[in-house]
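What follows is a set of notes on a single structure, which appears directly below.
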Amino acid sequence: MKDTPLIVQSDRSLLLDVHHRDSDACRSDLIRFCELVKSPEHMHTYTITALSLYNASALGLTVEAIMQTLEKWSRFPIADSVRFFVQDMASRWGKVTLTEGDDRSYYILKIDNERIKAELVRRPAIAKLLQHRDQHSFLINAYHRGEVKLQLIKAGWPVDDRIPLTGGEKITISLRQQSVAGKSFVVRPYQEMAARALLGDMGPGTGYGVIVMPCGSGKTVVGMRIMEELGMRTLIVTTNVAAVRQWKDELVDKSSLRSDEIGEYSGERKEVKAVTICTYQVLTWRKEKDGPFLHLDLLTEGGWGLVIYDEVHMLPAPIFKVTAELQAIHRLGLTATLVREDGREDEVFSLVGPKRYDVPWSELQQQGYIATAYCHEIRIDLPEELEIPYAIANKRQKYRIASENPRKMEVIQALIEHHPDDYILVIGQYLEQLQEISARIGAPIITGSTPNSRRDELYSAFRDGSLRILVVSKVANFAIDLPDASVAIQVSGSFGSRSEEAQRLGRILRPKNRSSFFYSIITQYSSEEEFAANRQKFLAEQGYTYEVEVWPN
Amino acid sequence: MSETAVQRFERAVGRYSEENFFYIVHNYLGPIKSPFHKPQLISRLSGFFGQEEIQKRMIELLDDLDRAILSLLVLSDAIKAEEVIDLLSPRYGYATLFWRLSELQVRLILLSEEGQLFFNPLIEEPLRASCSLTSLFGAMDSGGAKPSSLSVELIRGYLSLALSEQRLGYRDVHATLFPSFDEQQLRPLVALLGDLLQRLGLIMPGKGVRLVDERIEALLKLSDRALHALVIAASIIGPPPVQSAAFAATLVDLVSRFESIEGESLTLLCAILAKRHGIAIDRTIIETMLTIGLIGEGEPHQVARFDGQAEVGPLLVDSDFSINYLGKRSDDDLLHRFATLSLYDRQRQWRVTKESVVRAFDSGLTFREIEAYLMANTSGSSAQSLIKQMALLDERYSLLTIYDGLALVADERVAHLVEHLPALAEHRIKKLAPTIFLMRRDSEQLWRKILTDAGQLVGSTHRQPVVVAKEEAINPYFFSYISIVTSPNTVSIARITEASGPLIDAHLYNAIKASPLLNPAQRQDLLDRFEQRLILSPSQIKAQVLDAVIEAGGFDYQGKLSLCRQAVGKQHITLLIRLEEEELFVWALEISTSSEGDALLKALVLSTKTVRIIPIRKIFSVRMLRTQLF
């Protein structure tokens, strides 16, 4: 057994002992051909997947180099199954290529190997997209580029896409060294690394992908850095109007773009400019349930050179399909929590692009780029009068009764008293509960029905310090930047949603000169306990530990 | 040279047939004068073989086949010559073995007693030292050893999964949890384990999976080597467990001394050990060895290593409540009782869930025991959060206890629920105390479900231990297996000895050639015996002829008939009969005459153990052979 930090398992998962003196060096080597799966406190897990090997091959990493890296860092001899997989998957790269032909509406799919060709044409999902050209190549409709690539990846034969991405109309954008607000501004090293990981050498195979960074670590800056580097018409798709405005504010504050150069395409305004920010909601809006998506053309017809999918894990199903058609332009997915309860993470990778950068939350916390957060789960009994109603309720009702446990109020009040100097968000799922809390503690509330102008007003008040406590519904789960919030009190949530839990924690992770506290109040001995356990999984895998406390009766 | 050894030697030699005894005496001691005293001659023989020089010479004259036969004797313990021939004839051929066994007895390397062969007690020690596994089975390291598949660690993982899923058979999830196995290997292994654990009484029969704790504890204390032996032993149907366990333990012990072994050698080894332990085996033994990974597929079979994974230090409890460690836990480890395996690879990974902890509580493991275990086996405060979660679960678990009565004991909060939940009314017989209720036995499943649906954590019913008699009825031999596989009688035999051919003594040979005392016939006879490795010392160069060929053939009908008649009923005389297309070693049983007047030899054909009637006129030639056999 060598004194090295890595254990290579037979299932191609790689366990990195983060306390080993060489763990940083090892991690730097691994991220070239592995994906980070989880990064709890002691042992980080990476995995070698077909996709990660294809990407490594696309970037010029050889099988020999990969095996040398594994052998260098592995404590034990590498299992044959791992060797075989690396050899097999990496050797598949380059066997199928996609190039441009004379006719711009068609691309040429070249397959030199007869066996591979025979295998692929036997698959109906692929065969229907191919038109015979000659013995070794097919024509594919340019429109089907994404679909063909997706199907070929599913078949285990990734396409070496040698068609450069189109540029879109040029724009000029540069990042400031001092923000409009007067603060000095620099792109942090990890943000630069993330941008570089996506752009690579700007050649074929680069310029698209997903960047995963913790909440509060400045994903917007990465997006802006990539915009600066590419200098192309850009569409930014985000989760809600507040986030649209935040993007706009950030762009104006930290880049050379003026406010009038940035379009907002939302329910309220329909501006299309060289840089346009819209919401997923508006893109997928339709008059009737089965009617057409009236604004989806914005994605395909805008002449964009770059599309940024903010909170890409939220990508709605209709946009999946359209994104498949957007293979010729640069694509950037940004997220902190690439976990989807529908399990479609892989499709995000296939359509937007592979994960190009991922960093353990604990690492940025140690470096001070995100706040140190302490998570607490506070358990409280159900009042006696609700025990029988709870006992006879169905599952859904049980969860609701437990979530709306009126005794949570006393905990909220105590926590607010415990944090007299902190900026506090009280976050919940159920409006009646939130309204009651709002009334009891005398704090304003933002819900889905709160007009955008009122939201902006409250968010601004919270940001400028004139408002210390804000009660918010799930509208504030994502993308809302409230830099000074340092306490989040979660009173209820959307069942077992892992990403919601992480995103809510994310609201208080902006670095500040104090620690952050995340409290989740749940009803003891109820189904809320189990849902809470599931919700906490993602954060537990990022190294966060919940301190469990039982609230005294 | 012990007195006992001398006595045993003299007793065995004294039982030789007269012809063979005098042949041996003449060969080693030279011509003897009448009258003679047999005990004196025997004593002189033991004196001759007691000489260090003679013994050294005997060892030097051993060749590969001698060593293979002697090694077989070491492994088989007690064996008859015909059994040696049965075991080795596929490799060496019947005639070769027949002669060699005879020679070894004339050379007084081997002796026999009541048909059982044994080493000449006067030189037993050096003879045993010349034996080895390679002498009998050939090269042992041509394929490279492989890691073992079956292990106590694997059993722990398997049991935790069986408990959590309440199923024993193979499921797709196994492929994910045991990624170092391929499916073709894992599927039969899981099936075998499920079957054996039931047959050995480690799992209670009936619906679901319930472990018999005492037996499981004993199983998990086994070494990996003993575990392999247990599984092999239990898969042998038929013989008494004591014998099959002893067989399996010896088999695992010997096989594990190899890095690789040819299939033919493995079959031979199994057959030898089956003989040693008096059991009948078939091909399924090899299949079981393949299934549990004691040997690998392909030729030669790679053999599992038991070089041992060192017991590990602290468990690593991570923030996602995964528990990781490398290698092997100690015998009395508790982890599998309250956690469920999530990955069995170089790094073992277990996960603690509410269900796994409740199962542990149900099985009688207490929170305090788990806490003490985690405190002792984790470093720093890494398990604190997990311990706290379990403490809360324990508290919740203890809110409600069901006793076999069927009394239900709850805390005040739950008692309120039990008393006021309308659905429970018909199941409550009586309120015995504010927090104790007598519940209906016949509807236990129903009111349990009502309580569970009401959000309560309902543990198993606390019963009196009434399963002992039932356990015994499952498999009363389990602990016999355990005691034998944990303390096997190991066979003392070297792994490898240096192979060397018989060392010819040129001086002795030249002395025979040059001796002026011998006439040509005597010299030739002596040289023939020298070739047969019967001449060990210059003192044997005496003027005599011992090996006159007695043969009749061709048209000498009467000669052939006479030799056959002389051999009838004498087992120390074997006839080598040549027929038109075959050559047979036979013992003559009877001479009879056909209705046409032809003489017929009724003979036992040694190679097939069948009786044949052979007309004398069909015999081309017959040779009378002196054999000291059987």
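Given the structure is predicted, the values throughout are model-derived calculations rather than measurements. To find a chain, count down the sequence lines: A is the first, B the second, and so on, and within it residues start at 1.
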Distance (rounded to the nearest 0.5 Å) between A/E377 CD and B/Q389 CD: 6.0 Å
Taking every heavy-atom pair that is under 4.5 Å apart, which of B/D182, B/L451, B/L417, B/I450 has the most such pairs with chain A? B/L417
Counting only heavy atoms not in B/K449, do more than 12 sit closer than 6.0 Å to its NZ atom? no
Could you check whether any side-chain heavy atom of B/D320 comes within less than 4.5 Å of a side-chain heavy atom of A/K537, counting everything from C-beta outward? no
For B/Q384, is it the side chain, the backbone, both, or neither that has a heavy atom closer than 4.5 Å to a heavy atom of chain A? neither
Chain B neighbours within residues 72-86 of chain A, where any heavy atom lies under 4.5 Å away: A/R75, A/F76, A/P77
Could you tell me the separation between the NE2 atom of B/H416 and the CD atom of A/E384, rounded to the nearest 0.5 Å? 4.0 Å
Do A/E529 and B/L392 touch side chain to side chain, with heavy atoms closer than 4.5 Å? no
More than 12 heavy atoms of other groups within 6.0 Å of B/E412 CD: no
Using only atom types and a distance under 3.5 Å, with no angle test, would you say the side chain of B/D318 pairs donor to acceptor with the backbone of A/H42? yes
Crowding at CD, A/E385 (>12 non-hydrogen neighbours, <6.0 Å): yes
Contact part of A/Y546 toward chain B, heavy-atom cut-off under 4.5 Å: side chain, backbone, both or neither? backbone
So what's closer than 4.5 Å to chain B heavy atoms on A/R12: side chain, backbone, both or neither? neither
If we check side-chain contact (heavy atoms from CB on, under 4.5 Å) with A/D11, which of these qualifies: B/T176, B/D345, B/L177? B/D345
Main chain of B/R346, side chain of A/Q9: is a donor-acceptor contact present, judged purely on distance under 3.5 Å? yes
Can you tell which part of A/K38 gets under 4.5 Å to a heavy atom of chain B, answering side chain, backbone, both or neither? side chain
Can you find a pair of side-chain heavy atoms, one from B/Q347 and one from A/M43, that are under 4.5 Å apart? yes
Just verifying a value: how many Å separate B/F321 CZ and A/E541 CD, rounded to the nearest 0.5 Å? 12.5 Å
Just wondering, do B/R413 and A/Y525 contact through their side chains at under 4.5 Å, heavy atoms? yes
Determine the minimum heavy-atom distance between A/V548 and B/K388, stating which atoms define it. O-NZ, 2.6 Å
B/L457, B/N324, B/L399: which one forms the most heavy-atom pairs within less than 4.5 Å of chain A? B/L399
So which part of B/L343 gets closer than 4.5 Å to some heavy atom of chain A, the side chain, the backbone, both or neither? side chain
Between A/K398 (side chain only) and B/G455 (backbone N and O only), is there a donor and an acceptor less than 3.5 Å apart? no
Output for pair (A/S10 OG, B/F181 CZ), nearest 0.5 Å, gives 9.0 Å
